[in-house]
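Everything numeric here is computed off the predicted structure, so don't read it as measured data.
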Amino acid sequence: MTAPGPAAPAAREVVLSLGTNLGDRLAHLREGVRLLCGDGALGCVAVSGVYETAPVGGPPQDDYLNAVLLAVTALPGREILRRGQAAEAALARVRTERWGPRTLDVDVITCGDEVSADPVLTLPHPRAGERAFVLVPWLEIAPEASLPGAGRVADLLAAIGPAGVRRVPGAVLQLPEAR
C-alpha cells in the first residue's frame with residue numbers, strides 16, 4: 001500500500017482587479033477578461049460593471065476604466081499572478097514608470113483568506129482597502145465580501161467613500177462561454 005500524496009489544494013474565491021487607461025480601454029478590459037477566463041482554469045464566476053476613475057499616484061495621465069473579476073480556483077497564487085502578467089503582456093503592457101499609464105493592469109486582490117507578506121505576491125493586496133476603484137466594483141458582484149485582515153468591503157468603502165468612481169453606462173463585460 002502506498003502512502004497518499006499531498007492533498008490537492010482546495011478551491012477558494014479569488015478577486016482580481018483590472019484597469020486600463022491607454023488605447024481602446026473597453027476593448028482592453030474585454031480582452032483581459034477573455035485571456036484570464038477563456039481556458040476555464042481560473043474558474044471565473046462573475047465580472048463587475050465598468051467604472052471610470054481618475055488615476056491614483058504617478059504622473060499626469062488619462063482616466064482609467066476598472067472592473068473586478070471573481071473566480072473560484074485551486075490554482076496557486078503565483079500561478080494566478082503569472083496568468084495576470086501574461087494577460088498584461090499580451091496587451092503589450094510596458095513597465096517603464098511606477099503607477100504610469102498602461103494598456104492593462106491585473107492585480108491579485110485576494111486568494112481566499114490567504115495572508116502573505118511574500119514580496120512577489122503580497123496577499124491581500126496591500127492597498128485594496130483604500131481604493132474605491134477596487135471596492136465599488138467588488139461590492140457590486142459580492143455584496144457580502146470581506147478583505148482578509150481588514151473587514152467587510154462595504155464597511156471599507158463606507159470609510160473612504162466612492163467619490164470619483166463613475167459607472168460607465170452601456171459598457172458591459174462578459175465572461176467567456178465555459179469550455
Side-chain angles (χ1 to χ4, degrees), residues 13-40 42-73 80 83-95 97 99-110 124-125 127-147 150-179:
E13 187 175 89
V14 172
V15 178
L16 302 175
S17 175
L18 286 71
T20 173
N21 74 336
L22 289 176
D24 187 339
R25 299 174 302 160
L26 185 56
H28 291 322
L29 284 181
R30 287 178 173 151
E31 183 64 4
V33 169
R34 187 193 70 75
L35 289 166
L36 289 163
C37 303
D39 68 1
L42 199 54
C44 298
V45 294
V47 64
S48 72
V50 177
Y51 293 83
E52 189 168 41
T53 61
V56 175
Q61 55 190 294
D62 292 335
D63 286 352
Y64 279 81
L65 289 186
N66 298 97
V68 165
L69 183 63
L70 195 63
V72 176
T73 186
I80 297 164
R83 286 170 172 268
Q85 291 170 339
E88 292 172 350
L91 288 168
R93 175 168 179 184
V94 177
R95 295 175 188 266
E97 187 170 18
W99 295 322
R102 57 206 76 165
T103 53
L104 183 66
D105 181 45
V106 179
D107 286 335
V108 180
I109 304 300
T110 66
H125 189 285
R127 290 171 300 283
E130 305 163 4
R131 294 179 168 174
F133 66 84
V134 171
L135 300 175
V136 170
W138 186 5
L139 190 60
E140 174 193 326
I141 57 174
E144 299 302 319
S146 289
L147 182 64
R152 294 182 56 236
V153 170
D155 295 337
L156 295 169
L157 182 59
I160 65 168
V165 179
R166 303 168 302 279
R167 178 81 184 250
V168 179
V172 177
L173 301 175
Q174 296 181 339
L175 297 177
E177 295 289 324
R179 288 185 176 205

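- Using a 4.5 Å heavy-atom cutoff, the side chains of P55 and D63 are in contact.
- Taking 4.5 Å as the limit, every side-chain heavy atom of D105 sits out of range of all side-chain heavy atoms of Y64.
- Nearest heavy atoms, W138 versus A145: NE1-CB, 3.4 Å.
- Taking CZ of R34 as the reference point, atom CG of L29 lies at 14.0 Å (rounded to 0.5 Å).
- With P176 as reference, V33 is the one residue of L35, V33, D39 to meet the side-chain contact (heavy atoms from CB on, under 4.5 Å) rule.
- Using a distance-only test at 3.5 Å, with no hydrogens or angles considered, a donor-acceptor pair links the side chain of E88 to the main chain of V106.
- Under the 4.5 Å side-chain criterion, counting only non-hydrogen atoms from C-beta, R30 is in contact with L173.
- Counting only heavy atoms from C-beta outward, the side chains of T20 and L18 never approach each other to under 4.5 Å.
- Every pair passing salt bridge (charged side-chain N to carboxylate O under 4.0 Å, His left out) that includes a residue from residues 44-56 is listed here, sequence neighbours excluded: R25-E52, E52-R166.
- Across A67 and S48, no two heavy atoms sit closer than the pair CA-OG, 3.4 Å.
- Side-chain atoms of N21 never come within 3.5 Å of backbone atoms of L65 as a donor-acceptor pair (strictly under, hydrogens ignored).
- By the 4.5 Å heavy-atom criterion applied to side chains, L16 and I109 are not counted as neighbours.
- Counting only heavy atoms from C-beta outward, the side chains of L69 and L175 approach each other to under 4.5 Å.
- A distance of 10.0 Å separates CG of N66 from CZ of R131, quoted to the nearest 0.5 Å.
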Next item on the list: Just do the side chain to side chain contact (heavy atoms under 4.5 Å, CB included) check on V136 and L157 with the steps written out, would you?
Entry: CA-CA 7 Å; V136 170; L157 182 59; 3.8 Å; yes

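- Residues I80 and L42 have side chains in contact (heavy-atom distance under 4.5 Å, counting atoms from C-beta outward).
- Judged by distance alone, the side chain of T103 and the main-chain N or O of L91 form a donor-acceptor pair under 3.5 Å.
- Summarising the geometry of V168 relative to Y51, their closest heavy-atom pair is CG2-C, 4.1 Å, with the distance given to 0.1 Å.
- The shortest heavy-atom contact between G129 and L135 is O-CD1, 3.6 Å.
- For the pair H28 (side chain) and L22 (backbone), a donor-acceptor distance under 3.5 Å is present.
- Here the shortest heavy-atom pairing between A142 and L70 reads CB-CD2, 4.4 Å.
- The shortest distance between side-chain heavy atoms of T110 and L147 falls below 4.5 Å.
- Listed here is the closest heavy atom pair of V165 and A132: CG2-CB, 3.6 Å.
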